Amino acid sequence: MKLKSLPNRRRFLAEVGGGTLLAALGPGLASELGLDSGNLSGEDPKALDFGPMEPLVRFMQETPVAALQGALAVKLEEGESLQTLIAAGALANARTFGGEDYVGYHTLMALSPALKMSGSMPAGQQALPVFKVLYRNTERIQGFGGRAAEVLHPVLPDGEGGQADAAALRDAVRRQDRPAAESLFALLSQQGDQAAFDALLHTVQENTEVHRTVLPYRAWDLLEVVGREHAHTLLRQSVRYCLHAEKSRSQNWEKHGKVLAQLLEEYGLLGKEPGDRAADDAFVEQLSQTIFSGSPADAAGAVAEALAAGLDPAAVGEAISLATNQLVLRDRGRPPEGESAGKPVGSVHGDSIGVHASDSANAWRNMARASRGRNLYACLILGAWQAALDRTQRGGDFENWAPLPIEWQLQRIQATELPALLHELEQAVRQNLQATAGTLVHRCGQLGHPPGPVFELLLRYAVSEDGALHAEKYFQTVWEEFHATRPAFRWRHLTALARVTASEYGRPAAGQAEARELLGVSLL
């Protein structure tokens, strides 16, 4: 957004009150907002400047993609950390795309998962998932137009003379008033990253759609990598995503909002402290089935009732993630009319209903943990609503389709020792045998084998294969949900990951062969 597009009052502040404004903001937030004494009064703002990180951010944008991985290898040899490389990639992505490019924001959402995956890779291979996503990042940045096409520019914080709060931000987005929404969010960011995040969620909750849901969580998650001083830049992407989505607002958006407001009031959740009542396995299973098979309103109501009764929000989140997991386990795969390059008939990787729903549930669950007050309850209620809605949006008969594992396949598995089961699992993945791969992993869980070696095998392919923009994000979703789910149910998540891994095999990720050669890692 250019300063010349701001209302006159804001331009006046910029022209005559720059010094006062800079003093009030302090050097940290002023730099984060891209404001300094050299750009407050100009008609055309300079690009956002990330201070000490700026040279590395420019490196991520400007290095020719054909030379990127070799240059990354040199950076590592010189002592640069994988975390710093990911941080620079995230800032380069945000500045370029601003949450408005499909491949761009998918890549942003893969950055933190890639870094976490690197920590589980064997010695000498930790850089592979990071190189994979940074290669995609730079390739897309340059295809988008590079620095000349950057979307995010400096913005002045301003409340238009009124109150800057969540409702004002939401109303500005509804009006599609980008200057006002951006300035309001900049002002809210002055109150700290937590306040900005909590205010943003009210706007995010205007529609339950996967990218609108997952982008703010993955941006929030990146703050531990990039630094909390960059919260405004990372979260601002969601403001712009919501502004862009507002152009296609439909009447369906109003339904869940009315139900949410009604449930919050009916169950007295506003101002209520979250409970800590434990739930047994039977209750979590029953709540999960209600969410999976019920209408969106029924699913949301069941969650609100459980929260009002003092149930631990973690147990409610567990039930929501188990409900969406059923969509992966039961999916009949991509129909003929839905096939596209890299996503053939029968596949369940990429933007399949199950992967999307599981990533959404994971995001709602994590945003509930990260938020305060009303938002904690709203995120879980809407997570249940979206889980039930996802089951019906693309058709199908999920309630009557049998989930993995397949009983007759279980009976045919003769191996009992983990090495033999892992060998069969790898063969199933390489042959795209989704049901077989999932059933073998279920069998590992039945026999009480440790999950670590199974995760290690599937991780190799989450790194080596393209995954249609979703491999890293979904792997991390499963990792988190497995470790946050009780033993009776957690292997369902790993079974689903095996199926998705078998679906995506055979389409190597761009740049991975070169990365392996540079790092001295043999091909799979």
Side-chain angles (χ1 to χ4, degrees), residues 113-114 116-129 132 325 328-329 347-349 355 358 402-467 471-472 474-509 512-513 515-517 519-524:
K116 292 175 181 177
M117 290 162 68
S118 72
S120 299
M121 295 291 287
Q125 300 184 34
Q126 292 93 340
L128 282 175
K132 174 188 177 182
N325 166 258
V328 183
L329 297 180
S347 63
V348 296
H349 66 277
V355 169
S358 296
L404 293 177
I406 298 173
E407 187 59 37
W408 66 264
Q409 283 190 321
L410 271 174
Q411 295 173 3
R412 290 178 59 182
I413 296 174
Q414 299 299 312
T416 57
E417 298 300 317
L418 184 58
L421 288 165
L422 291 175
H423 175 74
E424 291 187 31
L425 172 60
E426 186 151 27
Q427 294 305 306
V429 168
R430 286 176 168 268
Q431 296 175 63
N432 299 122
L433 301 178
Q434 301 175 32
T436 302
T439 301
L440 282 162
V441 168
H442 177 85
R443 185 64 173 145
C444 288
Q446 275 188 326
L447 293 170
H449 290 306
V454 180
F455 268 113
E456 290 171 12
L457 189 156
L458 300 178
L459 173 61
R460 293 206 308 270
Y461 294 103
V463 173
S464 69
E465 305 308 294
D466 175 76
E472 297 78 27
Y474 183 64
F475 182 92
Q476 189 59 32
T477 285
V478 170
W479 175 272
E480 292 176 6
E481 295 303 333
F482 180 93
H483 290 92
T485 299
R486 60 198 62 213
F489 308 131
R490 62 173 50 143
W491 278 82
R492 296 180 190 177
H493 294 294
L494 199 44
T495 296
L497 179 62
R499 180 182 188 185
V500 171
T501 304
S503 174
E504 68 193 6
Y505 179 75
R507 288 160 285 275
Q512 269 292 289
R516 288 172 181 275
E517 183 178 354
L519 298 170
V521 178
S522 62
L523 295 174
L524 291 176

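None of these values were measured; they are calculated from a predicted model.
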Can any side-chain N or O of [X] pair as donor or acceptor with the backbone N or O of [Y] at less than 3.5 Å?
| X | Y | value |
| --- | --- | --- |
| E465 | R507 | yes |
| S503 | R499 | no |
| Q512 | L128 | yes |
| N432 | A502 | yes |
| H449 | T416 | yes |
| R516 | V521 | no |

Tell me every residue that passes ring pair (Phe, Tyr, Trp, His ring centres under 6.0 Å) with F489, counting only those two or more places apart in sequence or in another chain.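 None.
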Non-hydrogen atoms of [X] and [Y] that approach each other most closely:
| X | Y | answer |
| --- | --- | --- |
| E504 | A471 | OE1-CB, 3.9 Å |
| P453 | L422 | CB-CD1, 3.8 Å |
| T501 | Y461 | CG2-CB, 3.6 Å |
| A496 | N325 | CB-ND2, 3.4 Å |
| S358 | Y474 | CB-CE1, 3.9 Å |

Return the [atom1] to [atom2] distance between [X] and [Y], rounded to the nearest 0.5 Å.
| X | Y | atom1 | atom2 | value |
| --- | --- | --- | --- | --- |
| S120 | Q126 | OG | CD | 10.0 Å |
| E417 | C444 | CD | SG | 11.0 Å |
| L440 | H423 | CG | NE2 | 11.0 Å |
| E481 | L494 | CD | CG | 13.0 Å |
| L458 | L497 | CG | CG | 5.0 Å |
| L425 | R443 | CG | CZ | 14.5 Å |

Tell me, do [X] and [Y] make a side-chain contact under 4.5 Å, heavy atoms counted?
| X | Y | answer |
| --- | --- | --- |
| I413 | L421 | yes |
| E456 | R460 | no |
| L459 | P129 | no |

Give a yes or no on this: more than 12 heavy atoms of other residues, nucleotides or ligands lie within 6.0 Å of atom CD of Q427.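 Check passes, neighbour count above 12.
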With side chain to side chain contact (heavy atoms under 4.5 Å, CB included) as the test, would you mind laying out the steps for V478 and F455 before giving the verdict? CA-CA 10 Å; V478 170; F455 268 113; 4.2 Å; yes
Check the pair Y505 / H349 against side chain to side chain contact (heavy atoms under 4.5 Å, CB included), numbers first and verdict last. CA-CA 10 Å; Y505 179 75; H349 66 277; over 6 Å; no
Can you classify the ring geometry of W479 versus H483 as parallel (below 30°), tilted (30 to 60°) or perpendicular (above 60°)?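 Tilted, since the angle between the ring planes falls between 30° and 60°.
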Could you go through residues 403-410 and list every donor-acceptor pair under 3.5 Å that involves a side-chain atom there, pairing it with any protein atom two or more places apart or in another chain?
unit_1 : atom_1 : unit_2 : atom_2 : d
Q409   : OE1    : T439   : OG1    : 3.2
Q409   : NE2    : T436   : OG1    : 3.2

Just to verify, which of H493, E480, R492 counts as forming a side-chain contact (heavy atoms from CB on, under 4.5 Å) with T485?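 Only one option passes, and that is H493.
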